[in-house]
Amino acid sequence: MSERVLHEIPREESLRLLAGAAMGRVVFTLHALPAIRPVNHIVDDGDIIIRTHMGAAITAAVNGHETVVAYEADVIDPEDHIGWSVVVVGPARVVHDETEISRYRRLLRPWVSGNMDHVIRIRPQLVTGFRLVTFGEAAEPKDL
């Protein structure tokens, strides 16, 4: 196998890649410990939007106040081991505006069955992206 190296991806390119990803992982604090949940998402005007339900741990973690979370998505080819990873850190908040909720219900269909009646918005403050490429390969994107 060829050597692999990481190339940093600029913020705007990282958010574009994130917008094209089908799913990611939200990282938050649950009972003073890190918790991670896989979710599907959309990126809307630079914010990450997820839908969830009232009993979900992430809903309880952010309900009523802003809570700093991390969100990660990646696409790494299992054969050649190249691809990208993006991590976003920022405040998350439950969306309460009924017009926005209705809009996100139309735009984002959760993969999990059930009443996913809550919407959470994550506002990226720190965006870190890396592309894993073979040694000597240009840092220019090869979307997977």
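Numbers here are sequence positions counted from 1. Any value given below was found using the heavy atoms of this structure, including those in side chains, with hydrogens, waters and symmetry copies removed.
Of all the heavy atoms in L17 and R131, the pair that sits closest is CD1-NH2, 3.5 Å. Looking at every heavy atom in both residues, V127 comes nearest to R11 through CG2-NH1, 3.3 Å. Scanning all heavy atoms of the two residues, the minimum distance from A61 to T67 falls at O-OG1, 2.9 Å. Looking at every heavy atom in both residues, A73 comes nearest to W84 through O-CZ3, 3.4 Å. Scanning all heavy atoms of the two residues, the minimum distance from L15 to P124 falls at CD2-CG, 4.4 Å. Taking every heavy atom of both residues into account, W111 and A22 meet most closely at CZ2-O, 3.5 Å.
Of the options V5, D74, L6, a side-chain contact (heavy atoms from CB on, under 4.5 Å) to L132 is made by L6 and by none of the others. Exactly one residue among V69, V62, V68 makes a side-chain contact (heavy atoms from CB on, under 4.5 Å) with F28. That residue is V69.
Linking Ile, Leu, Val, Met, Phe, Trp and Tyr residues whenever their side-chain heavy atoms come within less than 4.5 Å leaves F130 and V89 in two separate clusters. Tracing side-chain contacts under 4.5 Å through hydrophobic residues (I, L, V, M, F, W, Y), one never reaches Y71 starting from Y104; they form parts of separate clusters. Hydrophobic cluster membership is shared by L18 and V75, with clusters built from Ile, Leu, Val, Met, Phe, Trp and Tyr side chains linked at under 4.5 angstrom. No path of Ile, Leu, Val, Met, Phe, Trp and Tyr side chains, each step under 4.5 Å between heavy atoms, connects V119 with V88, placing them in separate hydrophobic clusters.
Under a 4.0 Å N-O distance rule, the pair E100/R103 does not qualify as a salt bridge.
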For residues 46-57, run the donor-acceptor check on the side chains, cut-off 3.5 Å, and write out each pair with its distance to 0.1 Å, sequence neighbours left out.
residue	atom	partner	partner atom	Å
D47	OD2	R121	NH1	3.3
D47	OD2	R123	NH1	2.9
R51	NE	M116	O	3.1
R51	NH1	R105	O	3.4
R51	NH1	L108	O	2.7
R51	NH2	M116	O	2.9
T52	OG1	T59	OG1	3.4
H53	ND1	G55	N	3.2
H53	ND1	A56	N	3.3

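When atom types are taken as modelled, the side chain of N40 and the backbone of R109 share a donor-acceptor pair closer than 3.5 angstrom. Put simply, the side chain of H41 never gets that close to the backbone of V26: no donor and acceptor are under 3.5 Å apart.
The number of heavy atoms from other shown groups lying within 6.0 Å of CG (D97) is above 12.
Atom CD of residue E3 and atom OG1 of residue T134 lie 10.0 Å apart, to the nearest 0.5 angstrom.
Residue pairs meeting the side chain to side chain donor-acceptor pair (under 3.5 Å) criterion with at least one partner in residues 20-34, sequence neighbours excluded, are R25-E72.
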